[in-house]
Amino acid sequence: MVGYLLTKKETGRSAMSIAIPRPTDDIRNALKDGLDPFLDHKDPLRQILIGAQSGELAAVPTYRVKLEDVASGNWQQRQLTGWRFLAVDPDNHGIVVDVKAPALGHPPRVGGVQRNPQVAKTIEALRAVEAPTGTAPDDVELYFLNIPGLLTETFWIKPKNNIGEGWAVPYRTLVPDFQTKSLFPLEEFFKTAKSLAQERIKQNDDL
């Protein structure tokens with residue numbers, strides 16, 4: 001599948017070099033059907049999200065790893081939780097909409113909507129991700145990697161052929177160990193994250 005990252009048509013800027021899997025029709029329909037409680041029909045952000053108006057838009061599949069699995073070293077227990085849609089209107093207002101993947105017989109649905117001033121920067125960060133040295137852009141895909149509680153927002157560069165685990169890109173973090181470089185082999189990333197996760201869990205237990 002070709003990548004799914006839209007930019008303002010009038011800017012002429014190119015899309016990122018790493019492909020992002022396209023959301024399926026049921027995910028797109030769940031997005032359109034689930035916006036009513038959150039956005040007025042005339043809201044520019046809604047129009048951008050559903051493709052009725054040009055603007056900054058990205059849609060990225062999201063995997064989640066539980067903090068407990070990171071702490072125990074079982075970080076390969078990854079779960080595809082759905083898709084994250086990001087949009088920015090002409091006034092630079094941003095929004096994030098999470099659409100949950102089908103699960104346990106339930107269809108996909110909007111699971112969260114948040115207005116966020118960081119959305120434009122996140123889309124810029126998406127565009128800035130390049131294939132690691134020695135890896136062809138066509139051989140990898142880009143995902144969000146969500147680890148609740150780790151204080152780090154991360155992209156996952158995933159090999160299409162499932163040879164190797166890929167790479168982590170911690171694009172926004174409060175963790176000094178993840179500020180030393182922009183790209184980590186995934187195993188190295190989770191090795192560093194293990195002790196951090198253990199400490200976070202201990203802190204929560206002490207509350």
- Is any NZ, NE, NH1 or NH2 atom of the basic residue among Asp26 and Lys32 found under 4.0 Å from an Asp or Glu carboxylate oxygen of the other? no
- Message: Looking at Arg84 and Asp98, is any side-chain nitrogen of the basic one under 4.0 Å from a carboxylate oxygen of the acidic one?
- Response: yes
Donor-acceptor check, side chain of [X] to backbone of [Y], threshold 3.5 angstrom: yes or no?
| X | Y | value |
| --- | --- | --- |
| Thr81 | Thr62 | yes |
| Arg78 | Val65 | no |
| Asn29 | Asp25 | yes |
| Asp91 | His93 | no |
| Thr173 | Pro170 | no |

Working to the nearest 0.5 angstrom, can you tell me the gap between [X] [atom1] and [Y] [atom2]?
| X | Y | atom1 | atom2 | value |
| --- | --- | --- | --- | --- |
| Leu183 | Phe155 | CG | CZ | 12.5 Å |
| Asn74 | Lys66 | CG | NZ | 11.5 Å |
| Ile48 | Glu56 | CD1 | CD | 8.5 Å |
| Leu31 | Arg109 | CG | CZ | 14.0 Å |
| Leu186 | Leu145 | CG | CG | 6.5 Å |
| Phe144 | Leu86 | CZ | CG | 5.0 Å |

- Message: Show me the pairs that pass side-chain hydrogen bond (donor to acceptor under 3.5 Å, both in side chains) and involve residues 181-190, at least two apart or across chains.
- Response: Lys181-Glu188
- Task: Determine whether Leu151 and Phe189 fall in the same hydrophobic cluster, where Ile, Leu, Val, Met, Phe, Trp and Tyr are linked whenever their side-chain heavy atoms lie under 4.5 Å apart.
- Result: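 No, it is not one cluster - the side chains of Leu151 and Phe189 are not joined through contacts under 4.5 Å.
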- Message: Hydrogens and angles aside, do Thr122 and Arg172 bring a side-chain donor and acceptor to less than 3.5 Å of each other?
- Response: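 On atom types as modelled, these side chains qualify, holding a pair under 3.5 Å.
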- Message: Are Val129 and Leu142 packed together at the side-chain level, in the sense that at least one heavy-atom pair is separated by less than 4.5 angstrom?
- Response: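 Heavy-atom side-chain distance check passes, below 4.5 Å.
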- Does CD in Glu153 sit with more than 12 non-hydrogen atoms of other residues, nucleotides or ligands closer than 6.0 Å?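 Atom CD in Glu153 is crowded, with more than 12 foreign heavy atoms closer than 6.0 Å.
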- Message: Does Lys100, at its NZ atom, have more than 12 non-hydrogen atoms belonging to other residues, nucleotides or ligands within less than 6.0 Å?
- Response: no
- Query: When the ring centroid of Phe184 is compared with that of Phe178, is the distance short of 6.0 Å?
  - Reply: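 Yes, they do, as the ring centres are separated by less than 6.0 Å.
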- Note on the structure: Contacts satisfying ring pair (Phe, Tyr, Trp, His ring centres under 6.0 Å) that involve residues 39-69 (not counting sequence neighbours) are Tyr63-Tyr143, Tyr63-Trp156
